[in-house]
Amino acid sequence: MLEEIAPEMLVEDTRERKRELVLKNVKDRVVMRFAPNPSGPLHLGHSRAAVLNDYFVKKYRGKFILRLEDTDPKRVLPEAYEMIEEDLEWLNIGVGEKVVQSDRMEIYYEHCERLIEMGHAYVCQCDPQEFRVLKNQGIPCRCRDRSVEENLELWEKMLDNSLEGAVVRLKTDIKHKNPSVRDFPIFRIEDTPHPKTGDRYTVYPLMNFSVPVDDYLLGITHVLRGKDHIVNTEKQRYIYQYFNWEMPEYIHYGILKIEGTVLSTSKMYEGILKGEYRGWDDPRLGTLRALRRRGIRPEAIYRSMLEIGIKPADVKFSWENLYAINREIIDREAKRFFFVENPKRLKVLGAEPRTLYLRMHPDRDLGTRELRFEGEVYVSDDLEVNRMYRLMELCNIVVERVEGDVIYARYHSEDFKILRRKRGKIIHWVPVKDAVKTVVVDTEGRERCGFAEKDFKNVNIDELVQFERYGFTRVDDKREDRIVCYFAHK
RNA sequence: GCUCCAGUGGUGUAGCCCGGCCAAUCAUGCGGGCCUUUCGAGCCCGCGACUCGGGUUCAAAUCCCGACUGGAGCACCA
């Protein structure tokens with residue numbers, strides 16, 4: 001039946017089902033978390049975890065928890081809490097619950113105490129270098145077999161701020177084949193004031209402690225993380241075992257390698273402070289806000305990340321693929337305008353003035369624009385003497401001479417076919433009168449100056465437009481003397 | 001160096017678990033054509049890959065071993 005009416009629908013359907021991403025071990029409900037460190041806004045790298053979590057949560061009607069992991073006061077940027085939420089909202093990710101780790105310090109302390117009481121953790125006062133030497137040989141340090149009472153006493157001292165240079169270590173396997181797993185630290189002292197809690201705490205949990213504790217208490221069922229966390233998963237397994245907790249399902253995906261863009265939050269921040277970048281949304285950066293400013297749609301990023309998926313092999317991020325998806329989205333809504341970069345004056349002799357009305361979009365009704373031709377226009381190409389050109393949508397001309405910055409040409413004919421026969425080029429043009437000074441900021445942050453046609457002045461900020469043959473840009477700012485756009489892609 | 005993981009066209013992806021229907025999917029890219037007064041979009045055609053070597057098997061992209069390549073981890077960061 002369906003085969004007769006619409007066979008292509010069937011084909012499409014099976015394909016879609018095949019490519020769909022699935023989660024293993026889904027019981028009644030999935031709870032997943034996205035856990036960034038609030039050191040800056042979200043970038044392309046983060047968007048992968050955020051999107052995949054959101055996708056699965058929506059697919060299985062579960063819960064998305066945003067957990068801000070701010071247990072290293074040195075790596076917290078106060079504005080980042082807000083920025084991360086904005087970025088997620090922009091990506092259309094539904095945050096079901098928000099948790100901030102610095103609000104949960106007492107919880108971590110309690111659980112640490114329990115581990116000490118059970119004899120699974122101890123306070124270690126060894127010099128880090130010395131400990132490492134012992135650890136690498138698989139030899140326990142002398143702190144390891146202190147009594148529970150002593151450890152609790154020392155732990156209290158740590159909290160009281162009367163013990164320096166101590167850490168709490170988890171007893172794992174001192175001969176574990178991965179040395180970093182051997183009695184790894186779970187708490188450390190850090191005196192740097194915390195942007196949220198000030199100097200209230202000086203003892204902070206390390207990730208491999210706070211993460212499993214929170215994952216368990218929040219009821220996380222599936223954890224999606226990069227394979228750089230594989231060893232951490234192994235470490236965290238000890239915590240689950242000691243508390244006799246059931247472990248969530250872990251999925252480790254390959255590293256997403258993104259070339260040609262700055263993604264390191266600390267490097268970006270440094271660059272901003274030095275004035276090298278104009279802010280978190282500088283077009284050279286890989287932050288979501290930079291992409292937004294350039295006119296990349298959140299759906300394009302979302303689809304891009306789903307396409308990449310969760311396979312364990314590393315993947316190279318392809319800007320081309322992202323652009324292709326974005327182009328597909330914005331093509332139908334982007335109004336067309338003429339824009340000439342590096343403008344040169346062109347005087348056309350012997351042509352009658354006239355007014356043209358062109359469509360804003362080749363196949364959708366987005367209105368018309370008006371071009372008044374009065375003999376003098378801007379063009380961006382270098383024109384050759386004696387060659388025929390066509391001012392697009394207008395008429396054929398032949399270049400006569402170039403005098404300084406001004407090109408002189410003579411009107412030749414109307415018919416497009418003549419141009420074809422003479423193998424002439426079609427060029428863009430903008431009437432000199434009423435030309436709108438326009439700056440396009442490219443992906444390197446360079447300003448490219450030129451003129452757009454008169455009606456371009458009616459665009460709204462934030463609108464996406466296509467400068468014909470030039471590329472898609474987002475209108476960023478309108479000033480009295482010019483309009484500023486950010487370049488998206490061809 | 002040690003430990004672990006992975007290798008499908010330029011890029012991303014499907015297939016690999018449960019060998020045959022895979023002279024390998026889809027997208028992007030590239031080349032060509034149609035259309036078009038955009039070198040855009042759309043439509044059509046084409047290009048292009050199972051890292052290599054052994055083994056198991058009637059049969060291997062799919063299973064096993066080795067090599068090579070790439071990656072991750074080896075912190076009082078996350």
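Being a predicted model, the structure only gives us computed values, none of them experimental. Here is how names work: the chains are called A, B, and so on, in the same order as the sequence lines, proteins then strands, and each is numbered from 1.
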Please report the interatomic distance [atom1]([X]) to [atom2]([Y]), rounded to the nearest 0.5 Å.
| X | Y | atom1 | atom2 | value |
| --- | --- | --- | --- | --- |
| A:Tyr302 | A:Glu307 | OH | CD | 14.5 Å |
| A:Ile258 | A:Leu44 | CD1 | CG | 4.0 Å |
| A:Ile93 | A:Asn53 | CD1 | CG | 8.5 Å |

For a quick check of understanding: with a heavy-atom distance under 4.0 Å over all strands, which category does [X] fall into, base, sugar-phosphate or nothing?
| X | result |
| --- | --- |
| A:Arg332 | nothing |
| A:His229 | base |
| A:Leu206 | sugar-phosphate |
| A:Glu393 | base |
| A:Pro128 | base |
| A:Pro38 | nothing |
| A:Cys126 | base |
| A:Asn232 | base |
| A:Asn321 | base |
| A:Ile230 | nothing |
| A:Val167 | base |

For atom [atom1], what is the distance between [N] and [M], given to the nearest Å?
| N | M | atom1 | value |
| --- | --- | --- | --- |
| B:rU13 | B:rC26 | C1' | 7 Å |
| B:rU25 | B:rU51 | P | 16 Å |
| B:rG31 | B:rG40 | P | 10 Å |
| B:rA49 | B:rG12 | C1' | 13 Å |
| B:rG53 | B:rC68 | P | 15 Å |
| B:rC5 | B:rC43 | P | 44 Å |
| B:rG70 | B:rC63 | C1' | 23 Å |
| B:rA27 | B:rC74 | C1' | 39 Å |

Shortest side-chain distance from [X], nucleotide among [options]:
| X | options | value |
| --- | --- | --- |
| A:Arg336 | B:rU37, B:rG70, B:rG40 | B:rG40 |
| A:Lys177 | B:rG71, B:rG73, B:rC4 | B:rC4 |
| A:Ile308 | B:rU28, B:rG12, B:rG71 | B:rG12 |
| A:Ser180 | B:rA72, B:rC74, B:rU8 | B:rC74 |

Base paired to [N] (Watson-Crick or G-U; both N/O distances under 3.5 angstrom):
| N | value |
| --- | --- |
| B:rC76 | none |
| B:rC4 | B:rG71 |
| B:rU28 | B:rG10 |
| B:rU37 | none |
| B:rC50 | none |
| B:rG20 | B:rC58 |

query = Would A:Arg104 and A:Asp214 pass as an ion pair if we require N to O under 4.0 Å?
reply = yes
Basic-acidic side-chain contact under 4.0 Å: A:Arg33, A:Asp215 = yes
inquiry  = Please find the pair of heavy atoms, one from A:Cys395 and one from A:Glu414, that lie closest to each other, and give the distance.
reply    = CB-OE2, 4.1 Å
Under 4.0 Å: is that the gap between some side-chain N or O of [X] and OP1 or OP2 of [N]?
| X | N | answer |
| --- | --- | --- |
| A:Lys257 | B:rG71 | no |
| A:Lys311 | B:rU13 | yes |
| A:Arg75 | B:rA75 | no |
| A:Thr71 | B:rA78 | yes |

inquiry  = Return whichever of A:Arg48 or A:Asp72 has its heavy-atom-nearest nucleotide of RNA chain B closer to the 5' end.
reply    = A:Arg48
query = A:Gln101 or A:Cys395: which one's nearest nucleotide on RNA chain B is closer to the 5' end?
reply = A:Cys395
Donor-acceptor pair, side chain of A:Arg336 and main chain of A:Ala334, under 3.5 angstrom = yes
ask   = So, A:His361 side chain and A:Asp331 main chain: donor-acceptor pair closer than 3.5 Å or not?
value = yes
